[in-house]
Asker: 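So that we are looking at the same thing, I have put the structure below in structure tokens.
Here, residue 1 is the first one in the sequence, and each next residue gets the next number.
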Amino acid sequence: MGNYQMLIGFGLYMAAMITMGLWYSLRHKNESPEEYFLAKRKFGPWLTALSAQASDMSGWLLMGLPGVAYFFGLADAFWTILGLFIGTWVNWVLVAKRLRSYSQIADNAITLPEFFSKRFHDNKRVLLAIAAVISLLFFSIYVGAQFIVVGTLFQHLFGFNMVIMIIIGALVVLAYTLIGGFLAVGVTDMVQGMLMVTSLTLVMVFGIHHAGGFSGIYENLKEFPNFMSFFGIAEQTGIVNGVPQFSAGHSLTFIAIISTMAWGLGYFGMPQVLVRFMAVNKTSSLKQSIRIAVTWVFIAQVAAVAIGLIGRSLFAGEYATGNEAESIFILMSQQFFPPLLAGIIISGILAASMSSSDSYLLIVSSSLANDIYKGIFNKNASEKKVMWIARITMLMVTIFGIIVAATGNDTIFQVVAYAWAGLGASFGPLVLFSLFWKRTTFPAAVAGMLTGGGVVLIWRNFIRPLHDMLNVYELLPAFIISCLVILLVSLKTKKPSEDIEKEFEAAKVAEF
């Protein structure tokens, strides 16, 4: 009976998301690419902030992050969220207003690849093509990661076939994204963001109560070597009679801490967040958006890490691997709440994965339809044709994501880390240089983007395994090297045209 009640909770949530997609499709015809991909820049401060953060955090927030805290202890999770928090705050304060203004001044660019192309007056669409291909590559991986979340959730709770549930979850996301476009995605993401932070907060508060308060949690966890240290990693070696066994663990080096905090650099290159900056109705609205977004991130991330630690305190010997530990949020929800309410709370995981995958589908479809097809191959394509290409792309990427999710065996944390690094290093340095250094040149933009993505692939697969000293999160070296390449190539090549410099100066003071 309990499982049926939980299924009802999930069903209500999924039905609500599809209904929203249908509602916004009927109210807004989505007859142009600007409306379908950017909602004609009509987002208010709450919609901008919550949809940006919900699309950013993904299923990693409710499963991957608590799993890391549960299995490895406080340090790894703490330095990760500190880097992400700083990155979130700096991105909103530094990038949001300038990108909103500049994207409109740059011939009303509606996607990040299109902004790069128009910012540098790239008439041959070279930047457009490179950025769109990078988006296709890494966001397709990202979509698969979110479908893994859906499949894992239903398999863990009900014993359902994982592949079947991956397909069902993917079709639900595809349905409301396909129908409603960016506005439907933004509104559903805002609702899902509220559900995510509410679910995390409830589970954390009830967990603290069940564990006997903060003192009870600390007393239980201090027995595990390095578990509550800010500078050490716990190492579980096995489980004996339900009791986890730990080695002495190891200390975190300064390089390891900086490497972990480097997650925050990814924000400067995340299209699903940056496109929300471009969609806000007024630049003046961003002050309120910043407060909302930063508050949401702080509460959500602290709660997620706390759930992992509380879960270890209450269910110390429950999980033998890091992969299994990613289910701790689900277990605690089932233990603390009646089935129907637990179903709604656990739907926060669906909210996290769906609020991300819908944004990724929209970005990938805009990259192929607007940036590659219209921008490169058929500049005179009708708006109707671009819309059809976008929808067909969504279907194809959904199928690819299903294949990635059904065949992959990496943890959610690992899959997300790879895609995050690829996007962050490819786009992040160029976003910053494009917005804040007038001397940045077109050849430098091309070189920096290719360098960032290339170093991520090379560092992760060939350099990182060579030695412990090189075991650094690939985003950090890739971001730094990309910045250096943009700087050096810009200084060695002809400075931008007078028209480009005038647009740059206009963007510095523009208000919309």
Asker: Please check if the side chain of Gln335 supplies one atom and the backbone of Leu331 the other of a donor-acceptor pair under 3.5 Å.
Answerer: no
Asker: For His210, what residues pass the ring pair (Phe, Tyr, Trp, His ring centres under 6.0 Å) criterion, not counting sequence neighbours?
Answerer: Phe336
Asker: From Met196 CE over to Ser199 OG, what is the distance, rounded to the nearest 0.5 angstrom?
Answerer: 9.0 Å
Asker: Please report the shortest heavy-atom distance between Ile233 and Ala75, naming the atom on each side.
Answerer: CD1-CB, 4.4 Å
Asker: Just wondering, are more than 12 heavy atoms of other shown residues or ligands nearer than 6.0 Å to CZ in Phe337?
Answerer: yes
Asker: Is there a side-chain contact between Leu200 and Phe329 in this structure, where contact means two heavy atoms from C-beta onward sitting under 4.5 Å apart?
Answerer: yes
Asker: Of all heavy-atom pairs between Ala425 and Leu475, which one has the smallest distance, and what is that distance?
Answerer: N-CD1, 3.6 Å
Asker: Quick one: are Glu235 and Phe72 in side-chain contact, heavy atoms under 4.5 Å?
Answerer: no
Asker: Once you round to the nearest 0.5 Å, how far does CG of Leu112 lie from CD of Gln272?
Answerer: 10.5 Å
Asker: Considering all heavy atoms of both residues, which atom of Ser103 and which atom of Phe115 are nearest to each other, and what is their separation?
Answerer: CA-CD1, 3.8 Å
Asker: Search all heavy atoms of Trp79 against all heavy atoms of Met261 and return the closest pair with its distance.
Answerer: O-CG, 3.4 Å
Asker: With a 4.5 Å limit on heavy-atom distance, are the side chains of Tyr473 and Trp420 in contact?
Answerer: yes
Asker: Could you list the donor-acceptor pairs under 3.5 angstrom formed by side chains in residues 450-459, with sequence neighbours left out?
Answerer:
| unit_1 | atom_1 | unit_2 | atom_2 | d |
| --- | --- | --- | --- | --- |
| Thr451 | OG1 | Ala447 | O | 2.6 |
| Trp459 | NE1 | Leu470 | O | 3.3 |
| Trp459 | NE1 | Val472 | O | 3.3 |

Asker: Show your working on side chain to side chain contact (heavy atoms under 4.5 Å, CB included) between Met165 and Ile167 and close with a plain yes or no.
Answerer: CA-CA 5 Å; Met165 296 315 302; Ile167 294 171; over 6 Å; no
Asker: Roughly how far, to the nearest 0.5 Å, is the CD1 atom of Ile330 from the CG atom of Leu62?
Answerer: 9.5 Å
Asker: Extract all donor-acceptor atom pairs below 3.5 Å that involve side chains of residues 302-320 and protein atoms in other chains or at least two apart in sequence.
Answerer:
| unit_1 | atom_1 | unit_2 | atom_2 | d |
| --- | --- | --- | --- | --- |
| Arg312 | NE | Tyr70 | O | 2.9 |
| Arg312 | NH1 | Gln236 | OE1 | 2.9 |
| Arg312 | NH1 | Ala316 | O | 2.7 |
| Arg312 | NH2 | Tyr70 | O | 3.1 |
| Arg312 | NH2 | Gln236 | OE1 | 2.7 |
| Ser313 | OG | Asn220 | ND2 | 2.8 |
| Tyr319 | OH | Ser327 | O | 3.4 |

Asker: Roughly how far, to the nearest 0.5 Å, is the CD1 atom of Ile328 from the CG atom of Leu65?
Answerer: 13.0 Å
Asker: Please check this pair: side chain of Thr237 against backbone of Gln245, looking for a donor-acceptor N/O pair closer than 3.5 Å.
Answerer: yes
Asker: Nearest 0.5 Å please: distance from the CZ atom of Phe206 over to the CD1 atom of Ile208.
Answerer: 11.5 Å
Asker: Table please: side-chain donor-acceptor pairs of residues 81-90 below 3.5 Å, with sequence neighbours left out.
Answerer:
| unit_1 | atom_1 | unit_2 | atom_2 | d |
| --- | --- | --- | --- | --- |
| Thr88 | OG1 | Leu84 | O | 2.8 |
| Thr88 | OG1 | Tyr267 | OH | 3.3 |

Asker: On a heavy-atom basis, which atom in Arg464 and which in Arg460 lie closest, and how many Å separate them?
Answerer: CB-O, 4.0 Å
Asker: For the CE atom of Met278 and the OG1 atom of Thr111, what is their distance to the nearest 0.5 Å?
Answerer: 6.5 Å
Asker: Test side chain to side chain contact (heavy atoms under 4.5 Å, CB included) on Leu274 and Val431 and set out the steps.
Answerer: CA-CA 10 Å; Leu274 299 174; Val431 166; 3.9 Å; yes
Asker: Go through the structure and list residues passing ring pair (Phe, Tyr, Trp, His ring centres under 6.0 Å) with Phe268, not counting sequence neighbours.
Answerer: none
Asker: When you look at Phe277 and Trp92, which way does the side chain to side chain contact (heavy atoms under 4.5 Å, CB included) test go after all the steps?
Answerer: CA-CA 8 Å; Phe277 299 164; Trp92 277 95; 3.6 Å; yes
Asker: Run Phe116 and Leu128 through side chain to side chain contact (heavy atoms under 4.5 Å, CB included) and show every step you take.
Answerer: CA-CA 7 Å; Phe116 288 146; Leu128 193 72; over 6 Å; no
Asker: Check whether Gln53 reaches the backbone of Ser51 with its side chain - one donor and one acceptor, N or O, closer than 3.5 Å.
Answerer: no
Asker: Is there a side-chain contact between Leu61 and Gln301 (heavy atoms, below 4.5 Å)?
Answerer: yes
Asker: Quick one: does any side-chain atom of Trp296 pair with a main-chain N or O of Ala49 as donor and acceptor, under 3.5 Å?
Answerer: no
Asker: Search all heavy atoms of Val273 against all heavy atoms of Ala52 and return the closest pair with its distance.
Answerer: CG2-O, 3.9 Å
Asker: Is Leu430 close to Phe427 at the side-chain level, that is, under 4.5 Å between some pair of heavy atoms?
Answerer: no
Asker: Under 3.5 Å, side chain of Thr260 to main-chain N/O of Ala256, donor-acceptor pair present?
Answerer: yes
Asker: Does a side-chain heavy-atom distance below 4.5 Å link Met449 with Ile134?
Answerer: yes
Asker: Donor-acceptor pairs under 3.5 Å, side chain of residues 342-349 to any protein atom, not counting sequence neighbours: which ones?
Answerer:
| unit_1 | atom_1 | unit_2 | atom_2 | d |
| --- | --- | --- | --- | --- |
| Ser347 | OG | Gly343 | O | 2.8 |

